[in-house]
Amino acid sequence: MVFRRILYLLLFICCMCGKVANAQSPGPEHVNVDGNLAEWGKSLRNYDKSAVLWYDIHNDADFLYIAFKRPSLGWNIALPKRLVIEISEPNKPGVQIVYPGHYSDNKDEMWNHLEIKRMGATAFDTMTIYNDLGIQAAGGFWDKKVPAKEVGGAPDEGETAYIVGADGELAIPRKLLPVATGTCTIKMTIGGGESDYMVALNKLNQNAHFDLGRGSGDGLTALIKEFKLSVTYLLK
Amino acid sequence: MHKFLLTVTLFLVTGAALFAQLPSPPKPKPLAIRRVNGVVRDSLGKVIPAAAVRLIAASDTLHTLTSEYGVFNFPEVRSVYFTLEVQMAGYHPYFKKYFLNDVKPILVLPPLVLTSSLVQLKGITVTTEKGPQQRGDTTEFWAKDYIVRDYARLEDMLKRMEGFSTDANGMLSYNGKPVNKALFNGTKYFDGDVAAAIKELPADIVERIQVIQDNEDGTGPKKSMSAASSQTLNIVTKPDKSAARMYQASAAAGTQDRYTGVLSAKSLDGNRMWGIGVSNTQEPLGIKREAPLGTISNMMERMVSAWQTGGSGGMLKGSAARLNYNDRIGKMSYSVAYLFNRTHMLNETENMTEEFYKDGSLKRNTTSREDDTRTEHGLMLSADLHLPDFSMMTQLSANTTASVSNNTTETRQTGIIDNLQRGATGMHTQTPNYRFSAMLNFFEHKKLRMSVSLNSGLNATNGSGHDNTDIYSSAGAGKPDSSLYLLQQQKISNANHAVGVTFAYGHREKYDIKLEIIPSLFRTITNNYRDQVIGDQPAKRLNDLSNDEALTNARLPVALSATYNFTRKLAVEVRGEYQTIWQQTQLRLKDLDLSTRSSFFSPHISFSYRRSNTSVVRASYQRNVNTPSLLQLNPKPYYTSPFDVMFGNPDLKNGVMTTASAEYQNFGTQSGIIVDLSGHYMFTNNGIGANRIVQVDSVTNTIRTETHYLNLKGGDTKTIRASIAKNLKPMNMMFRLAGNAQWAKQLFFASSHAEQTDQRTYDGNFTAAITPVKWLDLAPAIAYTTTSNNNSLQPGRPLFNNELTTQLTAAIFLPADVKMNINARQTVSRASSLPVSQHPFVLNANIEKRFLRKKDAIISFMVMDAFQQNNNNIITQSTTGFSNAVTNLKSRYFLFQLSWNPQQFTRSKSVIGSRRGDGSFVPVK
């Protein structure tokens with residue numbers, strides 16, 4: 001029994017260390033925040049299956065860099081909850097960034113804006129991705145033609161379908177973070193709060209101007225779902 | 001998959017059906033303004049801070065610098081069609097035209113990527129255009145092109161810039177014309193005081209200096225190229241030096257009972273400015289005014305204003321305080337200022353005059369002593385509103401002055417009369433006045449524009465006192481030959497009101513037609529009662545010497561002008577004004593009612609040829625009409641003093657003068673030479689002249705002057721002005737050569753005979769600023785002035801006044817922040833009214849040291865006029881004679897000064913906004 005407990009504990013620590021270790025391994029030499037994730041390597045180094053999100057985190061003396069790739073179910077990021085990134089000391093409220101921002105609901109225009117609720121602030125400030133706080137961000141949706149079977153179609157149908165994904169990256173000045181050095185918790189939340197997928201679809205079509213003909217069936221059912229991810233990161 | 005496609009199709013169909021029921025949405029209206037935001041990066045994706053970004057659109061040009069994160073923001077961009085220009089050392093300039101969506105309030109541009117030009121710098125010669133740049137009505141100087149020393153003031157930098165000069169009072173001129181107003185990043189510097197701005201502000205905060213040719217009133221840009229202009233200095237600071245806190249605590253004490261103390265604080269940030277200051281001064285009067293020497297003298301704010309300067313001796317004691325506050329509410333900027341000034345002057349004057357008459361000349365040697373105490377309170381409010389199609393400028397000032405003065409005068413008169421006159425006057429006066437002005441401009445960016453001006457003012461004087469005169473035969477001893485003791489009661493009010501309406505219609509820059517109607521009303525009420533006192537008898541009203549009148553003058557000028565630009569270079573302006581003037585007066589004590597109506601036409605035509613942005617030629621012709629005042633038309637005697645009486649002429653015709661002018665200005669952008677030439681010719685077709693008649697009363701031994709008015713034809717004035725300035729950078733030298741020549745023929749009558757004076761004035765000066773070695777600044781100057789006057793009343797006796805001055809000013813920079821200033825001047829002057837030639841040598845010097853950590857405290861010791869020779873006569877020549885005034889003989893003094901001037905310049909709170917060309921920041925919404 002004791003052995004089993006120790007084993008579970010070790011397994012848990014390994015799992016945790018795994019996330020941390022990945023995050024702490026050498027990152028890109030220079031991050032160019034332009035929405036193109038090429039400098040992060042062939043693919044981002046961490047994948048959270050439940051959140052359906054590839055991500056990577058890196059920092060230098062001035063900035064904390066976060067890159068993410070939504071390999072599918074990209075529509076969720078366009079829904080009103082967007083992607084919320086919260087960076088905090090463990091178990092304390094921290095700084096929250098909403099990206100893309102709510103200034104525009106257009107699927108392309110929304111990536112030009114973000115929102116930030118700084119430490120101790122009661123409300124979000126809306127700003128463009130070129131701002132004097134020094135937060136840089138870039139991103140966008142993409143779609144890809146795939147065989148329909150990859151997205152839930154019948155294996156023999158052979159017809160093609162589309163998956164919608166999103167890539168993004170942010171550089172957050174370290175002076176805005178709640179911790180100067182040491183461990184911080186980074187939480188990412190995508191979507192949620194939609195009660196009815198028809199309502200969500202309406203928003204995607206009317207507000208975001210998505211072509212609803214280009215989407216996948218599993219994307220439809222996921223529209224009312226919230227995706228969450230939490231990472232412990234050690235700021236160098 | 002089928003489920004999904006089915007759902008989506010269903011959704012689309014139902015949605016489409018729903019939308020089919022709705023009317024098509026209206027096309028959104030284009031926005032008036034939008035925000036443009038972006039980032040500047042290099043080819044590696046790294047952000048580039050401090051890059052200069054310029055947004056050029058048809059309606060405006062905006063400037064900004066990228067932030068430390070490479071970000072730029074233009075919050076108020078009027079057009080979606082614009083070009084972005086980015087410049088940064090080490091990178092190729094970036095230009096791109098944008099044609100964007102006009103309904104988006106925020107335009108986020110894709111990153112602007114600059115490519116490095118470092119590889120091309122090898123082996124090439126970089127040349128930049130230095131010196132003043134001409135852009136429309138603005139001349140711009142970049143501060144980085146001019147080298148100044150540590151702790152240099154803006155005034156020191158301006159001395160290095162082509163075309164600027166300052167006089168002994170700190171008044172700034174550009175190309176020989178005064179600069180009237182100072183702006184700080186496009187906002188009026190407190191009350192716009194140019195002298196204060198250039199002395200208070202340090203040179204190292206300046207990015208650019210602009211000289212703007214505003215309209216004649218200084219209220220906005222000129223509407224036509226040929227219009228008369230007023231010059232404004234705009235100080236554009238570096239973005240990180242755009243807010244200021246300035247403090248001053250200065251004290252000075254010296255020989256001759258000199259004391260001065262000044263405490264002041266000022267703050268500037270964008271539109272918000274405040275200032276407070278108090279000062280106390282005591283100093284002798286009559287010392288010939290010298291340019292202040294040393295840093296403290298130059299910077300010390302002189303708040304106490306003496307109402308009279310000059311004289312030959314005496315003492316001034318004064319205290320003053322001021323409060324200013326400028327700010328903005330929405331689009332409206334406003335300012336409030338309060339001024340307090342109290343002076344006690346004991347002013348002694350000694351002068352000698354000679355006046356020419358047909359029967360001979362009258363020489364007067366006068367000594368006077370004036371004891372005057374004045375207390376003045378002034379309040380000034382102003383508000384300016386600038387909207388896209390409407391602007392408003394209003395100003396209200398009110399002040400009151402209370403004065404008590406007692407004067408004694410002793411005048412020895414020789415020539416056509418020989419006597420000694422002793423006078424004593426005493427007056428208590430209260431002078432309240434107000435002035436209100438407003439200018440409203442409507443539809444400024446439309447084809448048809450309208451402006452309305454309102455002006456109203458009242459200047460009142462209430463006073464009472466006495467005026468006693470004793471006339472002695474010659475020695476001045478014993479009983480006077482005659483006496484005149486008067487009690488005076490004075491009540492004068494001048495009120496003027498004017499409303500102006502201007503309609504202007506213009507098509508692009510091709511032509512502009514303007515109709516101006518500015519009716520005005522001027523009303524003066526004068527009650528000046530003189531009562532004679534003889535012994536113990538009751539005072540007797542002297543109606544002849546008293547005045548009780550109401551004078552009303554109403555004008556209705558209607559002017560039509562048209563400006564036509566034939567090409568971008570040649571413009572012609574034609575203006576015609578038809579004016580009707582009604583005058584009405586009641587001289588109650590003389591039982592006289594007079595009224596006149598006069599109408600006349602004044603044409604004006606001007607040509608302007610702009611060869612390039614930096615070279616312009618102008619020529620103009622103008623005919624002015626001068627209507628006689630009612631007092632000049634009044635045939636009954638009107639006493640201005642007990643011994644001077646005016647007789648008007650009811651048959652007087654309007655005076656007519658013709659003026660022709662030509663100007664040439666050239667700013668050589670390659671040579672750095674500024675040339676300014678102008679010539680004016682003024683001819684009097686029909687003048688209003690005075691016929692002066694003297695009458696000697698042998699009983700009272702007094703002289704009485706009668707002035708009669710009549711028309712006379714002839715008389716002219718020719719003026720030529722030339723200046724050339726050049727900055728020689730390799731030699732660290734700036735020089736300026738300027739000269740004026742004027743010939744004037746004036747006609748007048750003396751004892752009913754036509755007479756004339758021919759006056760010729762020539763002056764020239766050479767000034768330079770040189771830094772031959774690192775520790776020395778030299779400013780040599782040579783000036784020559786000659787005036788000659790031939791008066792037909794005194795044939796064979798020409799009046800002349802010739803003066804040659806050489807001057808060397810040196811600033812020696814010693815180790816340990818010690819500086820010496822030396823000013824040596826040798827003058828040689830010869831004048832017909834002086835028995836001998838004068839050649840005073842004046843040496844002024846000071847030594848000063850900066851101390852404290854920020855070196856913002858200065859201690860100074862100064863000697864002025866070490867050899868006590870700075871007391872030459874001040875000579876004034878006129879058509880009727882000349883006047884020599886003696887300055888204070890005790891002209892040497894020593895002064896010890898201590899000053900602490902902490903100044904802090906920081907980044908303005910509004911600096912995150914984009915920057916306009918005038919340095920102001922567009923507020924972020």
Side-chain angles (χ1 to χ4, degrees), chain A residues 29-36 39 62-63 101 103-104 106 108-113 126-138 147-155 157 159-162 171 173 197-199 201-202 204-206 210-221, chain B residues 1-16 18-19 22 25 34-47 49 53 64-75 100-101 103-113 907 909-914 924-925:
Chain A
E29 198 172 310
H30 169 68
V31 179
N32 185 359
V33 183
D34 56 2
N36 181 346
E39 70 270 29
D62 299 318
F63 291 96
Y103 181 81
S104 172
N106 180 287
D108 301 315
E109 187 70 25
M110 66 172 68
W111 294 95
N112 285 332
H113 302 270
T126 298
M127 58 195 67
T128 72
I129 53 173
Y130 308 128
N131 53 73
D132 286 295
L133 287 181
I135 304 171
Q136 301 166 53
K149 61 184 179 183
E150 284 188 21
V151 290
E157 281 182 2
E159 87 183 75
T160 54
Y162 290 88
Y197 71 84
M198 283 301 286
V199 175
L201 269 179
N202 198 0
L204 291 171
N205 181 250
Q206 297 304 318
F210 273 107
D211 178 356
L212 295 188
R214 292 186 164 203
S216 58
D218 55 349
L220 194 64
T221 51
Chain B
M1 187 65 204
H2 287 292
K3 181 185 165 191
F4 167 74
L5 291 174
L6 188 66
T7 312
V8 169
T9 310
L10 187 69
F11 173 79
L12 288 173
V13 169
T14 51
L18 270 175
F19 294 137
L22 298 172
R34 73 268 312 139
R35 183 173 159 198
V36 175
N37 176 227
V39 69
V40 179
R41 292 195 173 134
D42 65 12
S43 49
L44 299 172
K46 287 183 182 168
V47 297
V53 185
T64 191
L65 293 178
T66 54
S67 72
E68 59 182 306
Y69 302 110
V71 169
F72 63 87
N73 264 300
F74 293 105
L100 298 170
N101 189 329
V103 294
K104 285 189 180 177
I106 298 180
L107 297 173
V108 180
L109 305 180
L112 280 50
V113 180
R907 205 175 176 84
K909 285 172 190 160
S910 53
V911 81
I912 53 173
S914 64
V924 174
K925 294 184 175 163

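By convention in this document, chain letters (A, B, ...) are assigned in the order of the sequence lines, proteins followed by strands, and residues within each chain are numbered from 1.
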Contacts of Asp108(A) meeting side-chain contact (heavy atoms from CB on, under 4.5 Å) (sequence neighbours excluded), chain-then-number -> Asn106(A)
Residues at least two apart in sequence or cross-chain that pass side-chain contact (heavy atoms from CB on, under 4.5 Å) with Leu65(B), listed by chain then number, are Ala52(B), Pro239(B)
Turns out that what part of Asn131(A) lies under 4.5 Å from chain B's heavy atoms comes down to backbone
The interface call for Glu39(A) against chain B, heavy-atom contacts under 4.5 Å, is neither
CD1 (Ile106(B)) and CG (Asn112(A)) are apart, to the nearest 0.5 Å, by 9.5 Å
Using a 4.5 Å cut-off on heavy atoms from C-beta on, say whether the side chain of [Y] contacts that of [X].
X	Y	result
Ser67(B)	Tyr130(A)	no
Val39(B)	Gln136(A)	no
Asn37(B)	Met127(A)	no

Looking only at Ile135(A), Val33(A), Ile129(A), the option with the highest number of non-hydrogen pairs under 4.5 Å against chain B is Val33(A)
Top of Pro111(B), Gly70(B), Gly38(B), Pro105(B) for chain A proximity - count of heavy-atom pairs under 4.5 angstrom: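 That would be Gly38(B).
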(Q) Quick check on Lys46(B) against chain A: is it the side chain, the backbone, both or neither that has a heavy atom closer than 4.5 Å? (A)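 Contact with chain A involves both backbone and side-chain atoms of Lys46(B).
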